[in-house]
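Below is one structure; the comments refer to it alone.
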Protein chains: 2
Amino acid sequence: MPSCCASALRPTAARRPVPDVANIYQVAELARVSVATVSRIINNSAKVTEKTRQRVVAAMAELEFRPNSIAQALATNRTNCVGVLVSELYGPFFGTMLSALEQELRAAGKFVIVTAGHSDAAREKIGIQFLAGRNCDALIVHVEALPDQYLIDHDRNPAPLVIMNRVVPALADRCLSLDNRQGGYLATRLLIEKGHRNIAYVSGPLGWLDAGQRLAGHKRALAEAGIKFVEQLMVEGDYHDTGGAMALTQLLDAGLPFTGVVCANDEMAAGALAVARERGIAVPADLSIVGFDNSPLSRHVFPKLATVDYPIGNMGRMAARWVLRNVYGDETISVQQTFEPDLLERESVSAPGNPSPRATTRARVQRKSPRRSESRRRP
Amino acid sequence: MPSCCASALRPTAARRPVPDVANIYQVAELARVSVATVSRIINNSAKVTEKTRQRVVAAMAELEFRPNSIAQALATNRTNCVGVLVSELYGPFFGTMLSALEQELRAAGKFVIVTAGHSDAAREKIGIQFLAGRNCDALIVHVEALPDQYLIDHDRNPAPLVIMNRVVPALADRCLSLDNRQGGYLATRLLIEKGHRNIAYVSGPLGWLDAGQRLAGHKRALAEAGIKFVEQLMVEGDYHDTGGAMALTQLLDAGLPFTGVVCANDEMAAGALAVARERGIAVPADLSIVGFDNSPLSRHVFPKLATVDYPIGNMGRMAARWVLRNVYGDETISVQQTFEPDLLERESVSAPGNPSPRATTRARVQRKSPRRSESRRRP
DNA sequence: TCTCCGTATGAAAGCGGTTACATCGTACGG
DNA sequence: CCGTACGATGTAACCGCTTTCATACGGAGA
């Protein structure tokens, strides 16, 4: 017996007792018509005499009839459910995406089933299968670990896949993506335009696509300005605040001078900011910092972080619209699939005017084991 | 025709074409058994000879058979779906709750359907009906606007309601709640213990239950210390950072001296912190600030906010467990329904030792129209 | 008045499972 | 050797709705 089948809990359950909810037969009987006619009225799918309609509507009201959506789904092979797989259900990025997406789908009467993939290939795969097992009409996925090929293979699945934040060439028409490269470019160019020449970079995990793209944009901006990319000024972080803190510590301790640092997301930038404060490095006077994502966090820290806006809410909405158009056939809806980042200049950046010597200090601050991030879920 | 019935989009859709997915009849045929036997194997619901079982399992594998969950739901009157209604799908509070809740339910093979109520009675009601219309087996709701009576009336619904962050006496066995009063008490007592006597309070919207409870705790702590509650030292905020900023501005401008302020959530505390910084009021030297919720934000601002931990993740998990136990009948699961807040003492609080005169300044800073919060969703 | 045609309605067959009940075969005791 | 009882399996009704196809009905034209 495949483990997929037996529900984890089915305690010798006979059919669940059914409450006294009216069904289509009772409505038909009360209205003295056939169930076919009632169905026609429910779905507005064929002409019905006004007199009959009124009888049926009255009967439905009297019995408080609500069509059983499961039976409808079985008969039509359409569940009106859209599965959504994201890395995590919390955090400003996915929260914003989910919120916009759900609002759009809900307005069209579609249900959203969510689950998390935790940025892990095995768990992402299980998540997709889990959602597909529910007969979702479509799947909107934000996967970071699964290879392109898996997504392509899955395409024969009845539920089409909409892919967020990623471009799979063979599935380009189902991908929604931001030009991360351009974002990295804009962030770095901001510093260059302010006059910075020694610019450090704190990357996301390089195994993830967007991290690599943002870095590529950074390099392009440097190249364009004739600045050599220095390997020692780049540190790979983990997209968390602790990673940002460790990264800046490492950069400072390495001893190479720099007056600006680009972080591949706001959370790492916040971590870096905290380290700068601890070490007495003034931001932006001594060190300019740029983040990425424009998460709410970027406005809560002091000084407010210059950052690159990631229009994730809009992208979520567009993913929903893609589904409404291509799966549910609403041709009137227009969909945007590629998005451009915007630069938001804020207080964490200035000209490298008066860098105090500390900005490039190699002073070693004792910091044996950086405290573990508690910034995620509480037990 | 009731508007509830006709799906918003049903473009003269005939039955959706069915992909070549095997059903139970094909499995039965290939294995030369009846569908009843196949079903028994799927559900492990009755003894089957080992030889037969092997034939059937082989057939299922060969045909890549996956039971149609919709058909199962129709036959058993159990959808394995749990509906979740929260105020918003974003933000650290709901994100954490959703995440924990989903993880717990997913592990038991249950699906989570989410939707938002936006803290508005009408929309909360629509949200509940929306979820109930999907034949969810249970509903976990975090509603702030709907009156108790509506929840009680809804109780005759086939899907039981689990109520978060609220106590409805008639439905006490389905309510999970934090002792918000105790939280407000702890926050204020922290300041009192540090030696503060003039303590301001920035409340949440008093129409919401938890806001009133937190305020009550504050008052109790004051009373216990023999401090008179001063109406002018209390401002009703909106649980957003801008509201916190406006509230502190108002308090400072009112001219009454105070050395500590308790904010009913971290976001407002962050707003207050920003105002303090703008006005040159040192935190905590001149002014101690306490937040509430222990959101990630409280650790990102400087100085780190003392706050009251709201174990929302754990509460989400427990809501899931309530459902697993009481709806899906897993008696082995234990459930906790009431929770105690914990005080987290951090850098934003100190003794009122050396309050600079500015802490109680009435200097008017020009600030005609505080900028609107962008801290939520981007368009 | 009769035929023809279009339209509103009804009958019934699915959709893909679950399960109560019938049936068949076999081992066992008398 | 036969009746019995029990365990494995099959038959068929059902879950509640959709949809095809047949039918009945009514009006227009001859």
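As a basis for the values below, the full set of heavy atoms in this structure was taken, side chains included, without hydrogen atoms, waters or symmetry mates. Owing to the predicted nature of the structure, the values given are computational and were not obtained by experimental measurement. Proteins get letters first, then strands, A, B, ... in listed order; numbering begins at 1 in each.
Put simply, CZ on A:Arg78 is 18 Å from C1' on C:dG14, counting in whole angstrom units. Atoms CZ (A:Arg66) and C1' (D:dC15) sit 20 Å apart, rounded to a whole Å. One atom, CD of A:Glu29, and another, P of C:dG10, lie 13 Å apart when rounded to the nearest Å. Regarding B:Ile41, its CD1 atom lies at a distance of 14 Å from the C1' atom of C:dT18, rounded to whole Å. Atom-to-atom, CG of A:Leu74 to C1' of C:dG14 comes out at 9 Å; the value is rounded to the nearest Å. The interatomic distance linking B:Asn77 (CG) with C:dG17 (P) rounds to 18 Å, in whole Å. Rounded to whole angstrom, the span from the CD1 atom of A:Ile24 across to the C1' atom of C:dG10 amounts to 13 Å. Remark: C1' of C:dT9 and CD of A:Glu50 are 16 Å apart, rounded to the nearest angstrom.
Sorted by first and then second residue, the side chain to side chain donor-acceptor pair (under 3.5 Å) pairs with a member in residues 139-150 of chain B read B:Ser87-B:Glu144, B:Ser119-B:Glu144, B:His142-B:Asn165, B:Asp148-B:Arg166, B:Gln149-B:Asp153; sequence neighbours excluded.
No more than 12 heavy atoms of other residues, nucleotides or ligands sit less than 6.0 Å from atom CD of B:Glu29. Annotation for B:Glu64: atom CD does not count as buried by contact number, only 12 or fewer foreign heavy atoms lying within 6.0 Å.
Contact annotation: B:Asn43 reaches the phosphate of C:dT18 (side-chain N/O to OP1 or OP2, under 4.0 Å). A:Gln72 has a side-chain polar atom (N or O) that falls below the 4.0 Å cut-off from OP1 or OP2 of D:dT18.
For A:Tyr25 against D:dC17, a side-chain N or O and a base N or O form a donor-acceptor pair under 3.5 Å.
Among B:Ile140, B:Ile333, B:Val335, the single residue meeting the side-chain contact (heavy atoms from CB on, under 4.5 Å) criterion with B:Trp322 is B:Val335.
When all heavy atoms of B:Ser69 and A:Asn135 are compared, the pair lying nearest together is OG-OD1, 3.2 Å.
Nearest to the side chain of B:Asn23, among D:dG16, D:dT19, C:dG17, sits C:dG17. Checking D:dG16, C:dG17, D:dT18 against the side-chain heavy atoms of A:Thr76 singles out D:dT18 as nearest.
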Measure all distances between protein nitrogen or oxygen atoms and nitrogen or oxygen atoms of nucleotides 6-12 of chain D, and list the pairs falling under 3.5 Å.
residue: D:dA8; atom: O3'; partner: B:Thr49; partner atom: OG1; Å: 2.7
residue: D:dT9; atom: OP1; partner: B:Thr49; partner atom: OG1; Å: 2.9
residue: D:dT9; atom: OP1; partner: B:Thr52; partner atom: OG1; Å: 2.4
residue: D:dT9; atom: OP2; partner: B:Thr49; partner atom: N; Å: 2.9
residue: D:dT9; atom: OP2; partner: B:Thr49; partner atom: OG1; Å: 3.3
residue: D:dG10; atom: OP2; partner: B:Ser34; partner atom: N; Å: 2.7
residue: D:dG10; atom: OP2; partner: B:Ser34; partner atom: OG; Å: 3.2
residue: D:dG10; atom: OP2; partner: B:Thr37; partner atom: OG1; Å: 2.8
residue: D:dG10; atom: O6; partner: B:Arg40; partner atom: NH2; Å: 2.6

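In terms of position along DNA chain C, the nucleotide closest to B:Ile70 lies nearer the 5' end than the nucleotide closest to the other residue of the pair B:Ser45 and B:Ile70.
Here B:Arg32 pairs with nothing under the salt bridge (charged side-chain N to carboxylate O under 4.0 Å, His left out) rule; sequence neighbours left out.
For the pair A:Phe94/A:Leu89, no side-chain contact is recorded, criterion being any heavy-atom separation below 4.5 Å from C-beta on.
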